[in-house]
Undergrad: 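Got a structure here, written out as structure tokens. Questions coming.
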Amino acid sequence: MTEPAIQYCYAHPTRETSLRCKRCDRPICTSCAVSTPTGYICRDCMRERQKSFDTAVWYDFVSGFIIAGLLSGLASFLVTFVGGIGFIGWLLIFLGSSAAGGIIAEAVRAVTRRRRSRALFLTIGAGVVFGALPMLLLQLLSGNIFGLIFQAIYLVIAAPMVYARLSGIQLSR
């Protein structure tokens with residue numbers, strides 16, 4: 001009976017290993033192995049696998065940023081009116097911000113035709129923040145503390161909501 005030949009990790013030639021990538025069959029060490037539901041794969045195969053999920057094209061970034069910025073600017077403008085209502089305004093800002101985030105996400109999803117990319121989601125999140133900046137600065141320059149707080153609440157709720165809806169993050173199943 002022959003002993004198996006000693007194998008070394010393809011990325012770390014000094015590390016002995018008995019582990020192989022499930023996809024490309026190259027020897028990998030434990031620091032190069034990425035656990036998947038069906039076995040271990042190397043980092044190169046994982047990168048190739050993730051690229052197949054990135055379907056966004058260059059104009060999705062531009063159109064998504066513009067649509068998110070415009071709709072966020074409109075929502076931010078509406079937040080200034082809610083700030084003058086009083087206690088009901090606090091309730092409306094929490095409900096309205098999450099609704100605005102959902103509307104922005106669905107509008108961007110329709111414009112980008114459901115193409116996906118992590119960079120696209122981050123760009124759209126930046127568009128939401130960028131769209132709210134004019135009203136935020138207006139509130140800051142006018143010294144309206146409650147208006148500033150309402151704008152901040154809007155951004156804290158709406159931007160993560162847009163990112164979560166686009167990327168498919170779910171808090172519960």
Undergrad: Is L74 linked to M161 within one hydrophobic cluster, defined over Ile, Leu, Val, Met, Phe, Trp and Tyr using a side-chain heavy-atom separation of less than 4.5 Å?
TA: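 As far as the 4.5 Å side-chain criterion goes, M161 and L74 are not connected within one cluster.
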Undergrad: State, yes or no, whether a side-chain contact exists between Y8 and T14 at a heavy-atom distance under 4.5 Å.
TA: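 No, too far: nothing below the 4.5 Å cut-off.
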Undergrad: Compare every heavy atom of R43 with every heavy atom of S31, then report the nearest pair and how far apart it is.
TA: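 Shortest heavy-atom separation between S31 and R43 comes out as O-NH2, 2.8 Å.
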Undergrad: Nearest 0.5 Å, what's the OG-CD distance between S117 and Q50?
TA: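 Nearest 0.5 Å value for the OG-CD distance: 11.0 Å.
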Undergrad: Can you run down the salt bridge (charged side-chain N to carboxylate O under 4.0 Å, His left out) pairs that involve residues 26-41, sequence neighbours left out, and say none if there aren't any?
TA: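 Sorted pair list: R26-D44.
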Undergrad: Side-chain donor-acceptor contacts of residues 78-98 below 3.5 Å, not counting sequence neighbours, with atom names and distances?
TA:
from	atom 1	to	atom 2	distance (Å)
T80	OG1	F77	O	2.4
S97	OG	I93	O	2.6
S98	OG	L95	O	3.0

Undergrad: Mind checking whether V111 and I103 sit in one hydrophobic cluster, side chains of I, L, V, M, F, W, Y counted as touching below 4.5 Å?
TA: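 The answer is no; the residues belong to distinct hydrophobic clusters.
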Undergrad: Extract all donor-acceptor atom pairs below 3.5 Å that involve side chains of residues 130-142 and protein atoms in other chains or at least two apart in sequence.
TA:
from	atom 1	to	atom 2	distance (Å)
Q139	OE1	N144	ND2	3.1
S142	OG	L138	O	3.1
S142	OG	Q139	O	3.2

Undergrad: How far apart are the closest heavy atoms of C9 and T17, and which atoms are they?
TA: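 That closest heavy-atom pairing would be N-CG2, 3.8 Å.
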Undergrad: Between R165 and I104, is there a donor-acceptor pair closer than 3.5 Å when you use the side chain of the first and the backbone of the second?
TA: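 It does not hold such a pair.
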Undergrad: Determine all donor-acceptor pairs shorter than 3.5 Å in which one atom belongs to a side chain in residues 149-157; sequence neighbours excluded.
TA:
from	atom 1	to	atom 2	distance (Å)
Q151	OE1	S76	OG	2.5
Q151	NE2	S76	O	2.9
Y154	OH	S72	OG	3.0

Undergrad: With rounding to the nearest 0.5 angstrom, report the CG to CZ distance, L120 to F65.
TA: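 The CG atom of L120 sits 12.0 Å away from the CZ atom of F65.
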Undergrad: Give the intermediate values and the outcome of side-chain contact (heavy atoms from CB on, under 4.5 Å) for residues Y163 and I124.
TA: CA-CA 8 Å; Y163 183 85; I124 292 166; over 6 Å; no
Undergrad: Tell me the salt bridge (charged side-chain N to carboxylate O under 4.0 Å, His left out) pairs involving residues 10-22, sequence neighbours left out?
TA: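 Every pair satisfying salt bridge (charged side-chain N to carboxylate O under 4.0 Å, His left out) with a residue in residues 10-22: R20-D25.
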Undergrad: To the nearest 0.5 Å, what is the distance between OG1 (T30) and NE2 (H12)?
TA: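 The OG1 atom of T30 sits 9.5 Å away from the NE2 atom of H12.
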Undergrad: Considering non-hydrogen atoms only, spot the tightest contact between F61 and A119 and give its length.
TA: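 Heavy-atom minimum between the residues: CE2-C, 3.5 Å.
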Undergrad: Kindly work out whether a path of hydrophobic side-chain contacts (I/L/V/M/F/W/Y, heavy atoms less than 4.5 Å apart) joins I66 to V108.
TA: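 No, I66 and V108 fall in different hydrophobic clusters.
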Undergrad: Give a yes or no on whether I41 and I28 share a hydrophobic cluster (residues Ile, Leu, Val, Met, Phe, Trp, Tyr; joining criterion: side-chain heavy atoms under 4.5 Å apart).
TA: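 Hydrophobic grouping puts I41 apart from I28.
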Undergrad: For R115, enumerate each residue passing the side-chain hydrogen bond (donor to acceptor under 3.5 Å, both in side chains) test, keeping only those at least two apart in sequence or located in another chain.
TA: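 Listed in chain order: D60.
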Undergrad: Check for me, please, whether L122 and L71 land in the same ILVMFWY cluster - side-chain distances under 4.5 Å, paths through other members count.
TA: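 Same cluster.
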Undergrad: Would T36 and M46 satisfy side-chain contact (heavy atoms from CB on, under 4.5 Å), going step by step from the backbone distance to the final call?
TA: CA-CA 9 Å; T36 66; M46 180 56 102; 4.1 Å; yes
